[in-house]
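Computation of the quantities below employed the complete heavy-atom set of this structure, encompassing side-chain atoms and omitting hydrogens, waters and symmetry-equivalent molecules. Naming: A, B, ... by sequence-line order, numbering from 1 per chain.
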2 protein chains.
Amino acid sequence: MTAVKHDVFQAIADPTRRAVLQLLSQKQLTISEITAHFPISRTAIAKHLGILSEARLVSGEKVGREKIYHLHPEPLTELKQWLAYFEQFWENKLSILKHVVEDDE
Amino acid sequence: MTAVKHDVFQAIADPTRRAVLQLLSQKQLTISEITAHFPISRTAIAKHLGILSEARLVSGEKVGREKIYHLHPEPLTELKQWLAYFEQFWENKLSILKHVVEDDE
DNA sequence: ATTATATAACACCATTTGGTTTCGTGTAAA
DNA sequence: TTTACACGAAACCAAATGGTGTTATATAAT
């Protein structure tokens with residue numbers, strides 16, 4: 001499924017994948033355990049995990065007959081950095097407001 | 001083009017759309033001006049602007065025969081908040097390290 | 001009044017996405 | 001040694017995505 005690389009932006013675009021990340025942030029889980037939280041098939045979850053793996057947001061290790069996935073949040077720094085650039089265009093509005101208030105006193 | 005709603009996560013998933021946001025952060029631009037920066041058709045750019053508009057990241061006002069688009073970065077707060085949750089799972093590693101160093105002194 | 005421009009509105013297309021079901025295989029439990 | 005289980009791989013599908021080109025319309029410039 002999808003030989004081309006998925007980046008972190010695409011990986012988090014899907015709500016199911018975001019929910020999977022949320023789950024894995026609490027506790028490492030097998031594919032079946034993750035599937036139990038969603039109304040879709042195990043195969044579909046496995047595909048989502050594949051996309052998250054391509055984006056290096058999770059990794060899975062085989063243990064016996066099951067595969068345990070755990071969160072790898074580091075690639076989110078790319079997202080954070082991208083966001084940081086845009087913050088100057090709206091969080092600044094707060095500091096401008098602050099100045100207005102300060103000028104008022 | 002896509003009657004269903006696009007959220008901010010989907011909106012920023014595409015690299016062209018991220019580049020458009022970047023452009024609009026510098027200066028408001030017409031559709032044609034934006035198109036000049038990309039190797040794709042004006043129609044394609046207009047569709048991307050439609051998706052960005054659905055996510056409330058941009059808005060366009062008709063001025064004469066052209067339509068001027070400007071950035072509306074506020075919806076990115078949703079992304080920022082989502083990210084904030086995950087930061088505890090990796091930025092913490094720095095503070096743990098910090099403790100180790102502090103314990104060393 | 002005519003012509004050129006900027007965009008909107010369509011119709012169309014190939015590929016990707018998000019899902020399914022089926023079948024095969026390795027591992028654990030009876 | 002059967003049987004049950006967790007997963008991988010494959011084939012398939014409908015809808016969405018990211019593009020194209022054509023045509024129509026309103027506005028600006030000659």
Side-chain angles (χ1 to χ4, degrees), chain A residues 1-24 27-71, chain B residues 1-24 27-72 75:
Chain A
M1 133 225 36
T2 47
V4 252
K5 256 212 71 174
H6 286 90
D7 62 22
V8 72
F9 291 93
Q10 291 171 256
I12 65 156
D14 183 87
T16 300
R17 284 193 295 270
R18 289 199 300 277
V20 168
L21 292 178
Q22 168 74 38
L23 278 176
L24 291 177
K27 183 164 169 295
Q28 57 176 44
L29 295 169
T30 67
I31 301 184
S32 293
E33 287 169 333
I34 296 170
T35 303
H37 289 80
F38 298 92
I40 62 180
S41 70
R42 187 195 54 78
T43 309
I45 293 294
K47 285 188 187 179
H48 283 306
L49 288 169
I51 290 170
L52 290 171
S53 294
E54 280 183 37
R56 313 276 179 211
L57 283 167
V58 305
S59 61
E61 49 164 339
K62 266 176 300 171
V63 174
R65 67 180 164 184
E66 41 194 34
K67 191 164 181 184
I68 302 178
Y69 274 91
H70 22 78
L71 184 67
Chain B
M1 135 224 39
T2 46
V4 251
K5 255 213 68 166
H6 287 89
D7 62 22
V8 72
F9 291 93
Q10 290 172 255
I12 66 158
D14 183 87
T16 300
R17 284 194 292 269
R18 290 198 299 276
V20 168
L21 291 178
Q22 169 74 38
L23 278 176
L24 291 178
K27 185 164 167 294
Q28 56 175 45
L29 295 169
T30 67
I31 300 185
S32 294
E33 287 169 334
I34 296 170
T35 303
H37 290 80
F38 298 93
I40 62 179
S41 70
R42 191 196 54 76
T43 307
I45 293 294
K47 285 190 188 181
H48 282 307
L49 288 169
I51 290 169
L52 290 171
S53 294
E54 279 183 38
R56 313 274 179 211
L57 283 167
V58 305
S59 60
E61 50 164 339
K62 267 176 299 170
V63 175
R65 66 178 165 187
E66 43 194 32
K67 191 164 182 182
I68 302 178
Y69 274 90
H70 22 78
L71 183 67
H72 232 277

Measure from [atom1] on [X] to [atom2] on [N] and round the result to the nearest Å.
{"X": "I40(A)", "N": "dT20(C)", "atom1": "CD1", "atom2": "P", "value": "6 Å"}
{"X": "K62(A)", "N": "dT25(C)", "atom1": "NZ", "atom2": "P", "value": "16 Å"}
{"X": "E54(A)", "N": "dG18(C)", "atom1": "CD", "atom2": "P", "value": "12 Å"}
{"X": "F9(B)", "N": "dT17(C)", "atom1": "CZ", "atom2": "P", "value": "19 Å"}
{"X": "K67(B)", "N": "dA26(D)", "atom1": "NZ", "atom2": "C1'", "value": "14 Å"}
{"X": "I51(A)", "N": "dG19(C)", "atom1": "CD1", "atom2": "C1'", "value": "11 Å"}
{"X": "K47(A)", "N": "dT20(C)", "atom1": "NZ", "atom2": "P", "value": "9 Å"}
{"X": "I45(B)", "N": "dT7(C)", "atom1": "CD1", "atom2": "C1'", "value": "14 Å"}

Please determine whether a side-chain nitrogen or oxygen atom of [X] lies at a distance below 4.0 Å from atom OP1 or OP2 of [N].
{"X": "H6(A)", "N": "dT16(C)", "value": "no"}
{"X": "H48(B)", "N": "dG19(D)", "value": "yes"}
{"X": "R65(A)", "N": "dA29(C)", "value": "no"}
{"X": "S32(A)", "N": "dC5(D)", "value": "no"}

Applying a 4.0 Å non-hydrogen cut-off, can you work out what [X] is touching in the nucleic acid: base, sugar-phosphate, or nothing?
{"X": "S41(B)", "value": "base"}
{"X": "Q10(B)", "value": "sugar-phosphate"}
{"X": "T43(A)", "value": "base"}

Given side chains that start at C-beta, do those of [X] and [Y] come closer than 4.5 Å, heavy atoms only?
{"X": "V63(B)", "Y": "T30(B)", "answer": "no"}
{"X": "L23(A)", "Y": "F38(A)", "answer": "yes"}
{"X": "K67(A)", "Y": "L49(A)", "answer": "no"}

>> Can a donor-acceptor pair be found, under 3.5 Å and without considering hydrogens, that links the side chain of R42(B) to the backbone of T35(B)?
In response: no
> Is there a donor N/O on one and an acceptor N/O on the other, under 3.5 Å, for the side chain of R42(A) and the base of dG8(D)?
Replying inline: yes
>> Any donor-acceptor pair under 3.5 Å linking the side-chain atoms of R56(B) with those of H72(B)?
In response: no
>> Can you tell me which nucleotide in dG19(C), dG18(C), dC7(D) comes closest to the side chain of T16(A)?
In response: dG19(C)
> Which residue lies toward the 5' end of DNA chain C, I31(B) or G64(A), if each is placed at its nearest nucleotide?
Replying inline: I31(B)
